[in-house]
Novice: 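Sharing a structure here in C-alpha cells format.
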Number of protein chains: 2
Amino acid sequence: MKVAYELVNARREKLAQMLQDQAYIPISNVCSQLNISEATARRDLAFLEANQRIVRTYGGALVEYNQKFPSFLERQQVELKGKKKLAKVARDLIIPKSTCFFDAGTTIYALAFELKQKPVEGVKIVTNSLPIAELMTGVQGIEVHLLAGQYLHRQGVIFGEATVKTVRFYDIDDAFMSAEGFDQKGLWNSDATVVEFQRQVIRQSSRKVFCLGAEKMGKRAPVFLSDWGNVNVLISDAISSDLPVYSQAQFKGKIFSI
Amino acid sequence: MKVAYELVNARREKLAQMLQDQAYIPISNVCSQLNISEATARRDLAFLEANQRIVRTYGGALVEYNQKFPSFLERQQVELKGKKKLAKVARDLIIPKSTCFFDAGTTIYALAFELKQKPVEGVKIVTNSLPIAELMTGVQGIEVHLLAGQYLHRQGVIFGEATVKTVRFYDIDDAFMSAEGFDQKGLWNSDATVVEFQRQVIRQSSRKVFCLGAEKMGKRAPVFLSDWGNVNVLISDAISSDLPVYSQAQFKGKIFSI
DNA sequence: TATTTTATGATTGACTTCAGTCATATATTG
DNA sequence: CAATATATGACTGAAGTCAATCATAAAATA
C-alpha cells in the first residue's frame, strides 16, 4: 500500500538520524526499529545513498565518515585506482625535512595516501584539505598545518579570503598540485577563487609539481591557471609524446610519464 | 604454516591503519590487499576487536568514532552534563548574523552542541577546534571558519604561530571562551602559547563571554590570562555570592549565575 | 636436533544480505 | 469519483559472510 510522502520522508530522516547515532545498524535492526520490511529498509538505505547522506556497506550503512566529506569520498572511491601510479611517483619526489603544499582534491589525496604508507622523515605538510589533514595526522615524523578559511563541508575543504592570506605565512619547498584540465596553453581550473589561491601557492613555492591524469589532457576548464613556464615537474599517465609540453619552448621542467 | 610474530603484528597494525583511513573495508578487499585468506582476515579482525581497536560489522569492520579525537571525546563524555546548563545560557546570548569566536575545549563544545540544536540565523563561527567545526558544519544558516596552524591530532585543535596571526583577519563580535581556573585576580590557563592566543582573541572581540564551571573556582593554573576587566559576561554554576568578581571593582560585566 | 606451539588455508553448512519481480493497497491526480 | 502513480511486503535465487573444524608447515622452545 502506498503511504503518504510525509511519512516516508519522516521515516527516512529518522533512519539517517539513527545511523548518525549508531554508526552501524544491521538491516534486521532497521526493520524492527522502524517496523518496516527488509525490502523497504533497503529502499530507504538506497534512497539515502542516492542523496549522498550515507555510504552503504554490506549489511548496513555508514554515516560518519561520509558525512564529513560527502562528495569527496565518492570521487575518491571511483578514481583512486588510476591515481595510485601517479601518486607513487610523486611520493618519491618528497624530500626529508621539506615543507610541502598539498592541493585539495582526489589526485593529491592519493599522494597523501602513498606518503602515509611510506612516510618521509620530518616533512611538514601545508594544506587546505581536511581529508588530507586527517589522513596524515598522527603519522610519525610528519607535521600537518592547516590553512585558515571557511570550512566547506561538502568538499571537505577550507577556503576563502583567509586561505589566500594565510598561505603567505608559509615558505613552501614543493607544491604538489593538480588541475581539472591541461592543454598546450597550460593548466585550467573551474573556479576563479580556487585559481587565485593556487596562483598564490605557485608564487611561493620553489618547486611546482603537477599530477595530471591522462583523462584531463586536452581539456579546458573555465579559468586559466598558469602556462607551462611555472611547472617544474609534470607527472602524468598519458602517452608521453602526446603531452602538450613537447611543443612548448616555455616548458623547462622534468617529465615523469608513466 | 606458522609465521613470525613480528610479521603477524605488523600485518594487524597495517590492517588497523587501513581501517582508519578507509572507515570500512569489505572482507574480500582485506584479503586481496594483505594477501591473506578469508580465515586469517577474520582472525585479524577478531584480534583487533578483542583489543578494542575496531568494531566489527557484518561484512567488515569500523574504526571507533572515539579514535578520531581520543582524549577530547573522553573528557567530553565525563563532563558534558554539568556543562549543559552553562551552554544553554550562553547559547541564548548569541545574536543573529554576528561573528562569534568559539574557544577550543569541552565547555565551549557543549555550547556548540546547544547551538546546533537551536541554530541562530546567519551566525559566523570562528574557531581553532576541529570537533566544533565538524559538529557545526552543515548546520543551516551557520558558517564555520577555521583558523590556520598545526593540526594537533590528540586534542583535535589547530594551533601554533599561524593561529595567532590568522585570528587577526577576523572581526569578532562575541568571543565565547573558557579557562582552567579563576580566582580574585582573574583567569588562568596552563599553556603560555594558548594564553598568548586567547589574549589576541580578547583584544579583537567586542564582547568577551567566559563560561566557567564551579569546579574551576579558586583554582589557579601556571599562566595568568587576564584580569576581570576584560570579562563582559560571566556564566557560572557556582554560588553567586562566592564568585570572586563580587570583590572586584574592576569587573563591570554581567553575571549569569545558575 | 627433537618437540611443541601456533598461524595459516581449505572446507563445510548455517545464516545473512542483496537485487529483482510481482501483487496489492493506498495516496495522489485529473 | 475514477484513473493513475507508487510505496509496500512477500518471495525468489544468487552471492556474501560467518564460525567451526581439521590438516599442515613453519616458528618457537627445550
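Lettering of chains follows the sequences in order, A, B, ..., and the numbering in each one begins at 1.
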Novice: Who passes ring-ring contact (aromatic ring centres under 6.0 Å, His included) against A/Phe159, sequence neighbours left out?
Specialist: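 ring-ring contact (aromatic ring centres under 6.0 Å, His included) check on A/Phe159 returns A/Phe197.
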
Novice: Measure the shortest side-chain to side-chain distance between B/Glu143 and B/Ile125 over non-hydrogen atoms and say whether it is less than 4.5 angstrom.
Specialist: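 No - every pair of side-chain heavy atoms lies 4.5 Å or more apart.
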
Novice: Heavy atoms of chain B, cut-off under 4.0 Å: which first and last nucleotide of DNA chain C, 5' to 3', fall inside that, if you could look?
Specialist: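 Taking any atom under 4.0 Å from a heavy atom of chain B, the span is C/dT5 to C/dT17.
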
Novice: Only counting residues at least two apart or in another chain, list the ones meeting side-chain contact (heavy atoms from CB on, under 4.5 Å) with A/Thr99.
Specialist: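 Expected list: A/Lys124, A/Val126, A/Asp173.
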
Novice: Check the distance between D/dT12's P and A/Arg42's CZ and give it to me in whole angstrom.
Specialist: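 Checked: the CZ to P distance equals 16 Å.
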
Novice: What residues, two or more places apart in sequence or in another chain, satisfy salt bridge (charged side-chain N to carboxylate O under 4.0 Å, His left out) together with A/Asp92?
Specialist: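 With sequence neighbours excluded, A/Asp92 shows a salt bridge (charged side-chain N to carboxylate O under 4.0 Å, His left out) to A/Lys118, given in chain and number order.
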
Novice: Using the side chain to side chain contact (heavy atoms under 4.5 Å, CB included) rule, take A/Cys100 and A/Phe176 through it: C-alpha gap first, then chi angles, then the decisive distance, then the call.
Specialist: CA-CA 7 Å; A/Cys100 298; A/Phe176 292 88; 3.9 Å; yes

Novice: Considering heavy-atom distances to DNA chain D, does B/Pro26 or A/Ala4 have its closest nucleotide positioned more toward the 5' end?
Specialist: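 Mapping each residue to its closest nucleotide by heavy atoms, the 5'-most match is A/Ala4.
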
Novice: Atom CZ in B/Phe113, atom CZ in B/Arg91: separation rounded to 0.5 Å?
Specialist: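 Answer rounded to 0.5 Å: 14.0 Å.
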
Novice: Going by heavy atoms in the side chains, are B/Tyr151 and B/Leu130 under 4.5 Å from each other?
Specialist: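 Sidechains of B/Leu130 and B/Tyr151: in contact.
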
Novice: Take atom CZ of B/Phe47 and atom P of D/dA19, then tell me their distance rounded to the nearest Å.
Specialist: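 Spelled out: CZ on B/Phe47 to P on D/dA19 is 17 Å.
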
Novice: Quick one: B/Leu7 CG to D/dA25 C1', roughly how many Å, whole number?
Specialist: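 Interatomic distance, CG of B/Leu7 to C1' of D/dA25: 15 Å.
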
Novice: Heavy-atom contacts under 4.0 Å between residues 34-41 of chain A and DNA chain D, which residues?
Specialist: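 Those residues are A/Ile36, A/Ser37, A/Ala39, A/Thr40.
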
Novice: Distance check needed: D/dA15 P versus A/Tyr58 OH, whole Å only.
Specialist: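 Going from A/Tyr58 (OH) to D/dA15 (P), I get 11 Å.
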
Novice: Answer yes or no on whether A/Lys219 is positioned over the face of A/Phe182, meaning its NZ or CZ is under 6.0 Å from the six-membered ring centre and within 45° of the axis.
Specialist: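 Verdict for A/Phe182: no cation-pi partner in A/Lys219.
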
Novice: Using rotation axes that map the C1' atoms of four end pairs onto the next four (five pairs an end), what angle separates the end axes of the helix from C/dT1-D/dA30 to C/dG30-D/dC1, to 10°?
Specialist: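 The angle, to the nearest 10 degrees, is 50°.
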
Novice: Do the side-chain N or O atoms of A/Arg11 get closer than 4.0 angstrom to the phosphate oxygens (OP1, OP2) of D/dT8?
Specialist: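 Yes, A/Arg11 has a side-chain N/O under 4.0 Å of OP1/OP2 on D/dT8.
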
Novice: Do A/Lys216 and A/Glu180 come close enough that some side-chain heavy atom pair is under 4.5 Å?
Specialist: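 Counting from C-beta outward, A/Lys216 and A/Glu180 never come under 4.5 Å.
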
Novice: Can you tell me how the ring of A/Tyr58 sits relative to the ring of B/Tyr58, calling it parallel under 30°, perpendicular over 60° and tilted otherwise?
Specialist: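 Parallel.
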
Novice: Roughly how far, to the nearest 0.5 Å, is CG of A/Leu34 from OG1 of A/Thr40?
Specialist: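 It comes to 10.0 Å.
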
